[in-house]
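Below is one structure; the comments refer to it alone.
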Amino acid sequence: MTTLVLKFGGTSVGNADAISRAADLVLGRVRAGNGVAVVVSAMSGVTDALTRGIQAAAIGDEQLHRRVAADVLDRHRVAADVLGVENASELNEAAEETMDEYLAVCDSVRVLGEATPRALDRATSRGEPLLARLLAAVLAANGVDAVAIDPTEVIVTDSTYQNATPQLEETRERAARTLRPLIVTGVVPILAGFMGGTRDGVTTTLGRGGSDFSAAILGYALRADEVLICTDVDGVMTADPRLVPTARAIPVLSYGEVGELAYFGAKVLHPRTIRPLVDERIPLRILNTFRPECPGTRIQPEADLSVGAVKAVTDICGLSLVTVEGRGMLGVPGIAARTFGSVARCCANVLMISQASSEQSICFVVPGEAAARVKAELDEEFALELARRAIDQVRVVLDVAVVTALGAGMRGAVGAVGKVLDAVGRRGVDVMALAQGSSEWSVSMAVTASDREAAVRAIHDEVIAR
Ligand code: ASP
Ligand code: MG
């Protein structure tokens, strides 16, 4: 029996229409004879609202969390009503109980004046279980047996609240015991995504956007044949469609290629999603719930090298370029270590690094908000070298973007980087810094924010779409 894990994101369960489309996708797979398990997110916007509610409670607000709970229940009731599920009143009661838990957590947080990570996890994960029960009811109404399963009993995690790490082997044992018997008899288990539980059953979450990760964990646990992430886009796109209207879904990407993408904020997948799938070589497909006829993007172990070398161009803005420069750095060990040690002390994430063999400068890109504190820390770290003029200055360029061209076919492809730079250059874009990892899967360039669009379009039009 082929086993599939289907995951539906917030917009794919955001209202009655979306939920019935999601149900159709599940029904189609079940009727084709597959074993199916489902993971659902909360309705779009619900996790944000639950988070705002508990954060307000922590600083003494008495009202917001109540309004949030009432709104969530309202959206749930309307959806259940429009969908015409048989057991609507039972579902609404269960939803009320779940929201009562939310209110209880928020009220105690208000009394304590502090929202601990553990309390946050308990409160912000209250949206998903509502959808698991609602979707189960919709499937049942269509003649498919489905049961909502409490994920705290299946997805075992450590107790790093807010960003828990799954205990994969224990999860696999539990899945074999609780989920597999259902699946083999044609029953569809539906799990609330985003959350898991410690060995003692305390609720944890896998980080924002974590229901993708839930699906991958379940895929691993069930040794699934495919994990389907059903969302509101056609797949991983060749470029940001807001910048490049002709961007299209990439049919096939390897785990490695998507890793480069996730790092650069492609926002399609939770960055930890691929990890559990790699060892078992389980493919993952991104599908559009609203356009299921589109093939989407398949993410698999091997790269498809039959297409062009460059498959996608990504961009991140709101960054700063920091340069430590001076003649006294040549041949002096430890400058790079001290530079990045300082950056680490500022808790600033480095998105790109470049140093030429002249060793006259080291430059790197950090989020714009971190630039001032990084510069201050570096000025202090190198105070002596600056005074002696061994280091001339720590220079910061604000309003920088990083544009990255990537594709596994770039490795060993003579001229691939040349084409990228040529395309950018012909549009008059000045490349301030350049980095290519030895994986040769991507090349990143720092440009001024005002050149970002031109750079992305140049690479898309002249290299990818060719
Ligand atoms: N609902 C959660 C969030 O918004 C998890 C998810 O959607 O993946 O972060
Ligand atoms: Mg998501």
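Order of appearance sets the numbers: ligands from 1, and atoms from 1 within every ligand.
Remark: R77 CZ is packed, more than 12 non-hydrogen atoms of other residues, nucleotides or ligands lying under 6.0 Å away.
For D24, the side chain to side chain contact (heavy atoms under 4.5 Å, CB included) partners at least two apart in sequence or on another chain are L27.
By the 4.0 Å heavy-atom criterion, G210 is counted among the residues contacting ligand 1. At least one heavy atom of G209 sits less than 4.0 Å from an atom of ligand 1. Not a single heavy atom of H270 sits closer than 4.0 Å to an atom of ligand 1.
Atoms of ligand 1 lying under 4.0 Å from any heavy atom of R208, numbered from 1 in the order shown and given with element: 3 (C), 4 (O), 9 (O). Close contacts between ligand 1 and S41 involve ligand atoms 1 (N), 6 (C), 7 (O) [criterion: under 4.0 Å to a heavy atom]. Each of the atoms 1 (N), 2 (C), 5 (C) of ligand 1 lies under 4.0 Å from some heavy atom of E128.
Taking the centre and axis of the six-membered ring of F290, the NZ or CZ atom of R21 falls outside the cone set by 45° and 6.0 Å.
No side-chain N or O of D200 forms a donor-acceptor pair with one of T198 less than 3.5 Å apart. No side-chain N or O of D121 forms a donor-acceptor pair with one of T204 less than 3.5 Å apart.
Both the backbone and the side chain of S211 come within 4.0 Å of ligand 1, counting heavy atoms alone.
Within the structure, the ring pair (Phe, Tyr, Trp, His ring centres under 6.0 Å) test picks out the following pairs touching residues 185-218 (sequence neighbours left out): F213-H270.
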